[in-house]
Amino acid sequence: MIQTVAWVVSLIFMTAIAGIFLFVAIKSKEKREYEPIKKKWYKARTFYGTTLVIAFLVITIYTLRELPYNQPLYGDEQEPTIVDVEAFQFGWHISEKEFKVGEPIEFDVTSADVTHGFGIYDEDRNLIAQTQAMPGYTNTVYITFDEPGTYEILCLEYCGLAHHVMIATIEVTE
Ligand code: CUA
């Protein structure tokens, strides 16, 4: 689905750019008075420049308002379930694998050997949360599942010959 959208959007932009090049190439033979063109397009430049600056400011402020990211979204009085995750060649030690919808969870992720990637996938294989599993470090993922189901933990970092078998599942129930 996302690939199809990306493909269609790329195609539209490629056609638009090709169209602009074609337009310029055809028009390049035509001669016109320079001053009025300059005046008109300097105005346009000021307008579009200002619009862009304002748009980027609004977008930046809007998207930064949740900083710092990956902070728990539940209240202080609600204690998360702490789950210890240790990646190893080639599997996962996960201290708890059954959760409830709406239960705040804190995954504390580390590695016993090399760097792995801890990725949580939903049933449609959409990546919903991830962090690096690094030896000597603990990286935290806060998550509250809002859909019941079987979620998969996949390794996101090539870590050796059996990287692809690093799959675990967790269950989320109502
Ligand atoms: Cu562990 Cu790839």
Side-chain angles (χ1 to χ4, degrees), residues 1-18 52-53 55-174:
M1 176 61 197
I2 294 171
Q3 277 89 341
T4 315
V5 172
W7 173 233
V8 169
V9 169
S10 308
L11 211 60
I12 290 170
F13 277 108
M14 284 191 287
T15 313
I17 289 168
L52 262 186
V53 168
F56 278 130
L57 266 179
V58 171
I59 292 166
T60 305
I61 292 165
Y62 182 76
T63 50
L64 289 185
R65 105 212 103 99
E66 278 175 17
L67 263 182
Y69 297 121
N70 194 29
Q71 290 307 294
L73 294 171
Y74 42 87
D76 285 339
E77 67 287 350
Q78 212 177 353
E79 283 297 313
T81 306
I82 311 274
V83 182
D84 292 314
V85 178
E86 189 186 51
F88 61 91
Q89 286 170 313
F90 294 96
W92 302 96
H93 290 304
I94 302 171
S95 65
E96 202 175 323
K97 289 174 157 183
E98 281 167 24
F99 308 99
K100 292 264 178 238
V101 168
E103 171 186 357
I105 305 161
E106 178 186 321
F107 286 103
D108 291 338
V109 182
T110 189
S111 168
D113 36 48
V114 300
T115 299
H116 301 267
F118 172 80
I120 306 176
Y121 286 81
D122 68 10
E123 288 181 351
D124 299 324
R125 278 280 169 101
N126 290 316
L127 179 64
I128 55 167
Q130 66 90 29
T131 192
Q132 291 250 293
M134 297 146 77
Y137 293 87
T138 300
N139 290 321
T140 307
V141 175
Y142 298 101
I143 190 163
T144 304
F145 293 102
D146 15 82
E147 295 281 339
T150 305
Y151 291 77
E152 278 186 310
I153 312 288
L154 301 187
C155 182
L156 297 182
E157 185 84 48
Y158 184 72
C159 52
L161 279 181
H163 156 75
H164 61 284
V165 306
M166 288 189 62
I167 302 172
T169 52
I170 55 176
E171 292 293 334
V172 178
T173 51
E174 287 286 3

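When a residue number appears, it is its place in the shown sequence, counting from 1. Nothing here was measured: the structure is a model prediction, and the numbers come from that model. Order of listing sets the numbers, starting from 1, for every ligand and every atom in it. Computed over heavy atoms, backbone and side chain alike; hydrogens, waters and symmetry mates excluded.
Residues passing the side-chain contact (heavy atoms from CB on, under 4.5 Å) test with Thr169 are Thr150, Glu152, sequence neighbours excluded.
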Return a table of donor-acceptor pairs under 3.5 angstrom between the side chains of residues 4-18 and protein atoms on other chains or two or more places apart.
residue: Ser10; atom: OG; partner: Ala6; partner atom: O; Å: 2.6
residue: Thr15; atom: OG1; partner: Leu11; partner atom: O; Å: 2.6

Can you give each donor-acceptor pair under 3.5 Å made by side-chain atoms of residues 158-165, sequence neighbours left out, with the distance rounded to 0.1 Å?
residue: Tyr158; atom: OH; partner: Gly160; partner atom: O; Å: 3.2
residue: His163; atom: ND1; partner: Glu157; partner atom: O; Å: 3.0

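The aromatic rings of Phe118 and Phe107 sit tilted relative to each other, their planes meeting at an angle between 30° and 60°.
With hydrogens and angles disregarded, no donor-acceptor distance shorter than 3.5 Å links the side chain of Trp92 to the backbone of Val85. A donor-acceptor contact shorter than 3.5 Å is absent between the side chain of Asp124 and the backbone of Asn126.
Tally of protein N, O or S atoms closer to atom 2 (Cu) of ligand 1 than 2.8 Å: 4.
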